[in-house]
Engineer: 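Before I ask anything, let me first share the structure, which is written out below as structure tokens.
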Amino acid sequence: QLEFITPFQLYFNPDLIFRKFQIWRLITNFLFFGPLGFSFFFNMIFLYRYCRMLEEGSFRGRTADFVFMFLFGGFLMTLFGLFASLFFLGQAFTIMLVYVWSRRNPYIRMNFFGLLNFQAPFLPWVLMGFSLLLGNSIIIDLLGIAVGHIYYFLEDVFPNQPGGKKLLLTPTFLKMVFDTPEEDPNYNPLPEDRPEHPPRDQDQNEQQHPQ
């Protein structure tokens with residue numbers, strides 16, 4: 001917005017990525033939501049709201065799995081972007097988060113600007129219709145819905161089917177980086193580390209200066 005850089009330095013361009021090694025475009029194309037305006041703030045609100053509800057809800061205590069969903073969704077969208085003329089994928093990423101949340105909370109009643117009442121699973125489609133009314137292309141929204149459905153099916157549906165299994169396994173290095181290690185129940189802390197035993201110096205001070 002301050003014109004230090006231009007969208008031309010951020011958009012997704014496979015030729016510049018692989019031939020000019022402008023690797024940053026793999027990330028920056030997800031971070032640009034257009035000029036300041038209604039569409040920009042609309043995307044920011046939904047990105048913040050549903051990213052937060054996922055993190056505090058079904059991904060609570062599972063930060064590594066949350067990050068892996070980001071990476072998995074971004075990877076699929078990037079693959080699709082190689083074969084389509086898509087320059088910015090941030091809106092598709094937002095719709096993916098909304099889709100996953102809506103499928104995991106199917107019984108929540110939604111109200112859209114006081115005009116529509118519907119169940120949560122219809123929210124991505126309502127947003128797509130609203131985007132269409134604003135004159136935007138629905139390809140991005142459809143991509144977000146498709147990637148969100150793939151993740152939801154592989155993570156929540158297929159493992160619960162007869163003969164199904166969990167296919168999306170969070171890499172160990174992500175768990176090491178983002179997840180707090182579980183406490184070993186057999187760990188026996190040193191006496192000075194036990195909260196019920198005050199430090200030795202404190203014991204001596206209390207003996208020298210009894211209350």
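In this chain, numbering begins with 1 at the start of the sequence shown. The figures here come from the full heavy-atom set of this structure, side chains too, leaving out hydrogens, waters and symmetry mates. Quick caveat: nothing in here was measured; it's all calculated off a predicted structure.
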Engineer: Report the distance from atom CZ of Phe153 to atom CZ of Phe158, rounding to the nearest 0.5 Å.
Structural biologist: 6.5 Å
Engineer: Could you check Trp101 against Ile108 for side-chain contact (heavy atoms from CB on, under 4.5 Å), going step by step and ending with a plain yes or no?
Structural biologist: CA-CA 11 Å; Trp101 177 88; Ile108 293 181; 3.8 Å; yes
Engineer: Do the side chains of Phe18 and Phe87 join up, straight or via other hydrophobic residues, at under 4.5 Å, putting them in one cluster?
Structural biologist: no
Engineer: Locate the shortest heavy-atom distance separating Asp179 from Gly61; write the atom from each residue and the value.
Structural biologist: OD1-O, 4.4 Å
Engineer: State whether the number of non-hydrogen atoms from other residues, nucleotides or ligands found under 6.0 Å of Gln1 atom CD is greater than 12.
Structural biologist: yes
Engineer: With a 4.5 Å limit on heavy-atom distance, are the side chains of Thr170 and Phe178 in contact?
Structural biologist: no
Engineer: Taking salt bridge (charged side-chain N to carboxylate O under 4.0 Å, His left out) as the cut-off, I'd like each qualifying pair that reaches into residues 38-53, sequence neighbours left out, listed once.
Structural biologist: Arg52-Glu56
Engineer: In terms of ring plane angle, is the pair Phe32 and Phe88 parallel, tilted or perpendicular, where the classes change at 30° and 60°?
Structural biologist: tilted
Engineer: Is there a path of hydrophobic side-chain contacts, each under 4.5 Å between heavy atoms of I, L, V, M, F, W or Y residues, that connects Tyr107 with Tyr50?
Structural biologist: no
Engineer: Work out which heavy atom in Ala120 is nearest to a heavy atom in Asn105; give both atom names and the distance.
Structural biologist: CB-O, 3.1 Å
Engineer: Minimum heavy-atom separation for Ile138 to Leu132, with atom names?
Structural biologist: CG2-CD1, 3.7 Å
Engineer: Is any side-chain heavy atom of Leu10 less than 4.5 Å from a side-chain heavy atom of Asn29?
Structural biologist: no
Engineer: Are the side chain of Asn13 and the backbone of Leu16 linked by a donor-acceptor contact shorter than 3.5 Å?
Structural biologist: yes
Engineer: Going by heavy atoms in the side chains, are Leu86 and Ile139 under 4.5 Å from each other?
Structural biologist: yes
Engineer: Hydrophobic clusters here meaning ILVMFWY residues chained together by side-chain heavy-atom distances under 4.5 Å, can you tell me if Leu26 and Phe83 are in one?
Structural biologist: yes
Engineer: Are Phe130 and Met44 connected in a single hydrophobic cluster, I mean Ile/Leu/Val/Met/Phe/Trp/Tyr linked by side-chain heavy atoms less than 4.5 Å apart?
Structural biologist: yes
Engineer: Between CE of Met128 and CG of Leu123, what distance do you get to the nearest 0.5 Å?
Structural biologist: 12.0 Å
Engineer: Take a 6.0 Å sphere around OH of Tyr48 and say whether it holds more than 12 heavy atoms from other residues, nucleotides or ligands.
Structural biologist: no
Engineer: Would you call the rings of Tyr151 and Phe72 parallel, tilted or perpendicular, where under 30° means parallel and over 60° means perpendicular?
Structural biologist: tilted
Engineer: Over 60° means perpendicular and under 30° means parallel, so tell me whether Tyr11 and Phe8 are parallel, tilted or perpendicular.
Structural biologist: perpendicular
Engineer: Looking at OH of Tyr152 and CZ of Arg103, how far apart are the two atoms once the value is rounded to the nearest 0.5 Å?
Structural biologist: 4.5 Å
Engineer: Has Asn43 got a side-chain atom pairing as donor or acceptor with Gln91's backbone, closer than 3.5 angstrom?
Structural biologist: no
Engineer: Show the nearest heavy-atom pair for residues Pro121 and Pro106, with the distance to one decimal.
Structural biologist: CD-O, 3.3 Å
Engineer: Quick one, Phe33 with Thr94, criterion side-chain contact (heavy atoms from CB on, under 4.5 Å). Give me CA distance, side-chain angles, the key distance, then yes/no.
Structural biologist: CA-CA 10 Å; Phe33 290 87; Thr94 301; 3.8 Å; yes
Engineer: How long is the span from the CE atom in Met96 to the CG atom in Leu47, to the nearest 0.5 Å?
Structural biologist: 10.0 Å
Engineer: Please tell me if the side chains of Leu97 and Phe70 come closer than 4.5 Å, counting only heavy atoms from C-beta onward.
Structural biologist: yes
Engineer: Are Ile17 and Phe12 close enough, and set up right, to give a side-chain contact (heavy atoms from CB on, under 4.5 Å), and what steps lead you there?
Structural biologist: CA-CA 8 Å; Ile17 292 172; Phe12 183 77; 3.7 Å; yes
Engineer: Go through it in stages, so that I can follow the logic: the residues are Ile140 and Leu89, the test is side-chain contact (heavy atoms from CB on, under 4.5 Å), and I'd like the CA-CA distance, side-chain angles, deciding distance and then a yes or no.
Structural biologist: CA-CA 7 Å; Ile140 292 292; Leu89 299 171; 4.2 Å; yes
Engineer: Is a donor on one side and an acceptor on the other found under 3.5 Å between the side chain of Trp24 and the backbone of Gln9?
Structural biologist: yes
Engineer: Using side-chain heavy atoms (C-beta onward) and a distance below 4.5 Å, is Arg104 in contact with Ser58?
Structural biologist: yes
Engineer: Count the heavy atoms of every other residue, nucleotide or ligand shown that sit under 6.0 Å from CZ of Phe122, and state whether that count exceeds 12.
Structural biologist: no
Engineer: Test of understanding: clusters of I, L, V, M, F, W, Y form through side-chain heavy atoms closer than 4.5 Å, transitively. Do Val147 and Ile27 belong to the same one?
Structural biologist: no
Engineer: Rounded to the nearest 0.5 Å, how far does CG of Leu167 lie from CG of Leu154?
Structural biologist: 6.0 Å
Engineer: Short question: side chain of Asp65, backbone of Arg62 - any donor-acceptor pair under 3.5 Å?
Structural biologist: no
Engineer: If you count every heavy atom of other residues, nucleotides or ligands that lies below 6.0 Å from Phe75 atom CZ, does the total exceed 12?
Structural biologist: no
Engineer: Classify the ring geometry between Phe59 and Phe66 as parallel (under 30°), tilted (30 to 60°) or perpendicular (over 60°).
Structural biologist: tilted
Engineer: Can you list every salt bridge (charged side-chain N to carboxylate O under 4.0 Å, His left out) pair that touches residues 19-46, not counting sequence neighbours?
Structural biologist: Asp15-Arg19
Engineer: If we only count heavy atoms from C-beta on, is the Met69 to Leu54 side-chain gap below 4.5 Å?
Structural biologist: yes
Engineer: Do you know which two heavy atoms are closest between Ala64 and Leu174, and how far apart they sit?
Structural biologist: CB-O, 3.5 Å
Engineer: Closer than 3.5 angstrom, by distance alone: can the side chain of Gln119 be matched with the main-chain N or O of Arg109 as a donor-acceptor pair?
Structural biologist: no
Engineer: Do side-chain atoms of Ser131 reach the backbone of Leu127 as a donor and acceptor pair under 3.5 angstrom?
Structural biologist: no
Engineer: Any non-hydrogen side-chain atom of Leu169 less than 4.5 Å from a side-chain atom of Phe68?
Structural biologist: no
Engineer: I need the Phe46 CZ to Phe41 CZ distance, nearest 0.5 Å.
Structural biologist: 15.0 Å
